[in-house]
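Have a look at the structure below, then the notes.
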Amino acid sequence: MSESDLPEPSSTGEPPSLTILGSTVRHAVDHVEVFPAPAHVTEVRFSTDEVASVCPVTGQPDLSSVEISYVPAEWCVESKSLKLYLWRFRDQQVFAEALAAEIAGEIMLTAAPNRVTVRITQRPRGGITLTALAELP
């Protein structure tokens, strides 16, 4: 993922148009969409218990809960696009630590918040629960 892969905001400072919200989308997406942050919003949090990925070693499914917290600057993340972005990991082989870092990177790259924190808690397998935390200033 690179900045060149993302749609550019217009020269007026407007975000790219919201193409997912209000549309029927039946596939995963590569990037979240954003909208202008309302005044006085100091923190935004998302959480879900429905993120699936694949263990890169065993090929077994990994089920995780994800908590995303960010301090918006100019943009906020649109939640439907976030859901479809998280859906893209269901067939990807990725360790939980790398998943946390990738999600934090996507939020930072696309929404450019002042700070983002992503916590992944993988459901126990073999009696062990794994939690990974990624933070970007």
Original post:
Between V71 and I107, is there a shared hydrophobic cluster once you connect ILVMFWY residues whose side-chain heavy atoms come closer than 4.5 Å?
Top reply: no
Original post:
Do W87 and L82 share a hydrophobic cluster (ILVMFWY, side-chain heavy atoms under 4.5 Å, transitive)?
Top reply: yes
Original post:
Which pairs with one or both residues in residues 89-112 pass ring-ring contact (aromatic ring centres under 6.0 Å, His included), sequence neighbours excluded?
Top reply: Y85-F89
**OP:** Could you check E102 against R88 for salt bridge (charged side-chain N to carboxylate O under 4.0 Å, His left out), going step by step and ending with a plain yes or no?
**Re:** CA-CA 12 Å; E102 186 167 339; R88 71 188 287 264; 3.0 Å; yes
**OP:** Kindly determine whether T129 and T121 satisfy side-chain contact (heavy atoms from CB on, under 4.5 Å), including the steps that lead there.
**Re:** CA-CA 7 Å; T129 299; T121 304; 3.7 Å; yes
In Å, rounded to the nearest 0.5 Å, how long is the span from [atom1] of [X] to [atom2] of [Y]?
| X | Y | atom1 | atom2 | result |
| --- | --- | --- | --- | --- |
| I68 | R119 | CD1 | CZ | 12.5 Å |
| T131 | I120 | OG1 | CD1 | 9.5 Å |
| E67 | I103 | CD | CD1 | 12.0 Å |
| K80 | E78 | NZ | CD | 7.5 Å |
| T110 | E33 | OG1 | CD | 10.0 Å |

**OP:** Flag the pair L133 / V118 as yes when at least one side-chain heavy-atom distance between them is below 4.5 Å, and no otherwise.
**Re:** no
Listed partners of [X] passing side-chain contact (heavy atoms from CB on, under 4.5 Å), at least two apart:
| X | answer |
| --- | --- |
| T48 | E50, V51, V66, L86 |
| A73 | N114 |
| A98 | V94 |

Return yes if some donor-acceptor pair links the side-chain N/O of [X] with the main-chain N/O of [Y] below 3.5 Å, else return no.
| X | Y | result |
| --- | --- | --- |
| Y70 | V77 | yes |
| R123 | D49 | yes |
| T58 | C55 | no |
| S81 | V32 | no |

Determine all donor-acceptor pairs shorter than 3.5 Å in which one atom belongs to a side chain in residues 36-45; sequence neighbours excluded.
from	atom 1	to	atom 2	distance (Å)
E43	OE2	R45	NE	3.3
E43	OE2	R45	NH2	3.1
E43	OE2	S69	OG	2.5

Subject >> Contact summary for E106 and D30, nearest pair of heavy atoms >> reply: OE1-O, 4.0 Å
Subject >> CA sep, side-chain torsions, deciding dist, call: Q92, S53, side-chain contact (heavy atoms from CB on, under 4.5 Å) >> reply: CA-CA 6 Å; Q92 285 193 14; S53 59; 5.7 Å; no
Original post:
Quick one: salt bridge (Lys or Arg N to Asp or Glu O under 4.0 Å) partners of R115, sequence neighbours excluded?
Top reply: none
